[in-house]
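Letters A, B, ... mirror the listed sequences (proteins, then strands); counts begin at 1.
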2 protein chains.
Amino acid sequence: MAKYEKISEAVVRRLPIYLRYLSYLQQVNVTTVSSQQMGMNLDVNPAQIRKDLAAFGDFGKKGIGYDVNYLVENIRQILKLTDEVRVVLVGAGHLGHAISNYNAYVKDNIRIAAIFDNDASKLGKEVAGLPIQSMSEMAHTIAEKNIKLAIMTVPAPAAQTVCDQLVSFGIKGILNFAPTTIKVPKDVRVHYADVTSNLQSLAYYIT
Amino acid sequence: MAKYEKISEAVVRRLPIYLRYLSYLQQVNVTTVSSQQMGMNLDVNPAQIRKDLAAFGDFGKKGIGYDVNYLVENIRQILKLTDEVRVVLVGAGHLGHAISNYNAYVKDNIRIAAIFDNDASKLGKEVAGLPIQSMSEMAHTIAEKNIKLAIMTVPAPAAQTVCDQLVSFGIKGILNFAPTTIKVPKDVRVHYADVTSNLQSLAYYIT
DNA sequence: TAGATTGTTAATCGATTAACAATC
DNA sequence: TAGATTGTTAATCGATTAACAATC
């Protein structure tokens, strides 16, 4: 029986990982997969995978496993990846460039739809086929293209200001590369992707 | 009384965040801080902060708060950031370049000490003052500079192979930007920093 | 059918938060 | 001193894992 429990944060973090592996299976024409096999490949406990998947419906067949296509389709739906997901990127520095040019998103139905920077000398220059736009155009572009997600690759001191603008223009999710905590309303979600803190916590585990 | 409980994963994730804020306080010559004030600024429950800090010693003064300098010094020690942390970077593509050029690590005592790529045409070219080296030099350089951490900015299909090499050369922590799960021995730690899955899980939270 | 594998429950583990005595 | 704030315990919450009946 399908359920309507709320899906936990941890599950939402794992779904893209499942999706990635399942998409790979599609490519190599595997049609069925067991939680056991997925777990082996992704280093996740099979019971966990079954529980995760059971949280949003009855996808498996006892004795058989899961139908790969069916699972892919459903995880896409859960994650709201069925339509193209458009994202704005703010901060056309080195990292912003790198992320924009990384076109592997496309196959995952994610598109960087606009790029902004506050440096006047960069305006109009193209990055990955998109012109760098002025911050003053943000409101308009976000509304026009109905964008809900943003990537921030700005310096730490600019992060809160940029974030406030994005939120006021209707952005609901922010991937923040700036090395600073930002404050957002409860209905906006921030994921932190700061390289330094990531390395620093990694350092703890050396020997 | 100082304790020797093992420090949990969640705590280790938060320590760099605390450290960042405390370093900022040092800069603006604030000498004392309460868990309340830290919590406000970092969006962390004050009780959690007190518990986290208490896990590795008695750092606060009742009625007063914490000594900023003392705390900075101790968190650095816990995270093994007292000596310069040297890191290798493998994969001198866009993202590798961006990360190498981001020199904000330096003030955090982290240094990218060598860069490798398997593309012969890139060899010897300089990135952030470092020559791109051939993969065949990895073993030697890692041993010579006594490096324990690595950043992987390689394509997904190369990730496991590169990872296996790194591990065999003594690397104990890997920050993996490739969009793929990698297998490592128990004594090696991997942090995942793949942009796509991060965006995909963010998409779930839209409205 | 017999073997395999799910869905689900119960047990366990870990992380967060509230509350307050101790004390600066 | 009185107010503030820690350190710590207990309560709560959430996430993981083991185990197994159901069933393909």
For atom [atom1] of [X], decide whether the heavy atoms of other residues, nucleotides or ligands shown that lie under 6.0 angstrom number more than 12.
{"X": "A:Lys61", "atom1": "NZ", "answer": "no"}
{"X": "B:His94", "atom1": "NE2", "answer": "no"}
{"X": "A:Arg111", "atom1": "CZ", "answer": "no"}
{"X": "A:Gln160", "atom1": "CD", "answer": "yes"}

Rounded to the Å, how far apart are [X] [atom1] and [N] [atom2]?
{"X": "A:Gln48", "N": "C:dC13", "atom1": "CD", "atom2": "C1'", "answer": "12 Å"}
{"X": "A:Tyr70", "N": "C:dT6", "atom1": "OH", "atom2": "C1'", "answer": "15 Å"}
{"X": "A:Ile7", "N": "D:dA15", "atom1": "CD1", "atom2": "C1'", "answer": "15 Å"}
{"X": "B:Glu9", "N": "D:dA15", "atom1": "CD", "atom2": "P", "answer": "14 Å"}
{"X": "A:Asp67", "N": "D:dC24", "atom1": "CG", "atom2": "P", "answer": "16 Å"}
{"X": "B:Leu15", "N": "C:dA15", "atom1": "CG", "atom2": "C1'", "answer": "15 Å"}
{"X": "B:Lys62", "N": "C:dT23", "atom1": "NZ", "atom2": "P", "answer": "6 Å"}
{"X": "B:Asp58", "N": "C:dC24", "atom1": "CG", "atom2": "C1'", "answer": "13 Å"}

Quick one: do B:Glu84 and B:Lys145 make a salt bridge, cutoff under 4.0 Å?
->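 No, B:Glu84 and B:Lys145 are not salt-bridged.
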Any side-chain N or O of [X] under 4.0 Å from OP1/OP2 of [N]?
{"X": "B:Tyr66", "N": "C:dC24", "result": "no"}
{"X": "A:Arg50", "N": "D:dA18", "result": "no"}
{"X": "B:Ser8", "N": "C:dA15", "result": "yes"}

Considering only side-chain heavy atoms of B:Asn45, which listed nucleotide, C:dG7, C:dC24, C:dA18, is closest?
->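 Selected nucleotide: C:dA18.
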Using the closest heavy atom to pick a nucleotide of DNA chain D for each, name whichever of B:Gly60 or A:Val11 lands nearer the 5' end.
->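 The residue whose closest nucleotide sits nearer the 5' end is B:Gly60.
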How do A:Gly63 and A:Ala10 order along DNA chain D: which one's closest nucleotide is nearer the 5' end?
->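 Its nearest nucleotide being more 5', the pick is A:Ala10.
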Under a 3.5 Å cutoff on both atom distances, Watson-Crick or G-U, what's the dot-bracket for DNA chain D ([ ] crossing, | other strand)?
-> ..||||||||||||||||||||||
Nearest-nucleotide comparison on DNA chain C, the residue closer to the 5′ end among A:Ile64 and A:Ala47 |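 Whichever sits nearer the 5' end wins; that is A:Ile64.
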Please list residues of residues 22-43 of chain B whose heavy atoms come under 4.0 Å from any atom in DNA chain D, ordered by number; otherwise none.
->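 Going residue by residue through residues 22-43 of chain B, the ones with a heavy atom under 4.0 Å of DNA chain D turn out to be B:Ser34, B:Ser35.
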Is it true that a side-chain atom of B:Asn198 and a backbone atom of B:Ala193 form a donor plus acceptor pair closer than 3.5 Å?
->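 Checking the backbone N and O of B:Ala193 against the side chain of B:Asn198, no donor-acceptor pair under 3.5 Å is found.
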Counting only N and O atoms by type, is there a donor-acceptor contact under 3.5 Å from the side chain of B:Arg20 to the main-chain atoms of A:Pro179?
->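 Yes, B:Arg20 side chain to A:Pro179 backbone: donor-acceptor pair under 3.5 Å.
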Working to the nearest 0.5 Å, report the span between CE of A:Met38 and CG of A:Leu22.
->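 It comes to 4.5 Å.
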Does the side chain of B:Gln37 come under 3.5 Å of the side chain of B:Tyr21 through a donor N or O and an acceptor N or O?
->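 Yes, B:Tyr21 and B:Gln37 have a side-chain donor paired with an acceptor closer than 3.5 Å.
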Pick base, sugar-phosphate or nothing for A:Arg14, based on heavy-atom distances below 4.0 Å to the nucleic acid.
->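 Since only primed, P, OP1 and OP2 atoms lie under 4.0 Å of A:Arg14, the category is sugar-phosphate.
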Test side-chain contact (heavy atoms from CB on, under 4.5 Å) applied to A:Leu89 and A:Asp117, A:Ile151, A:Leu130, the passing residue |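 Output: one option passes, namely A:Ile151.
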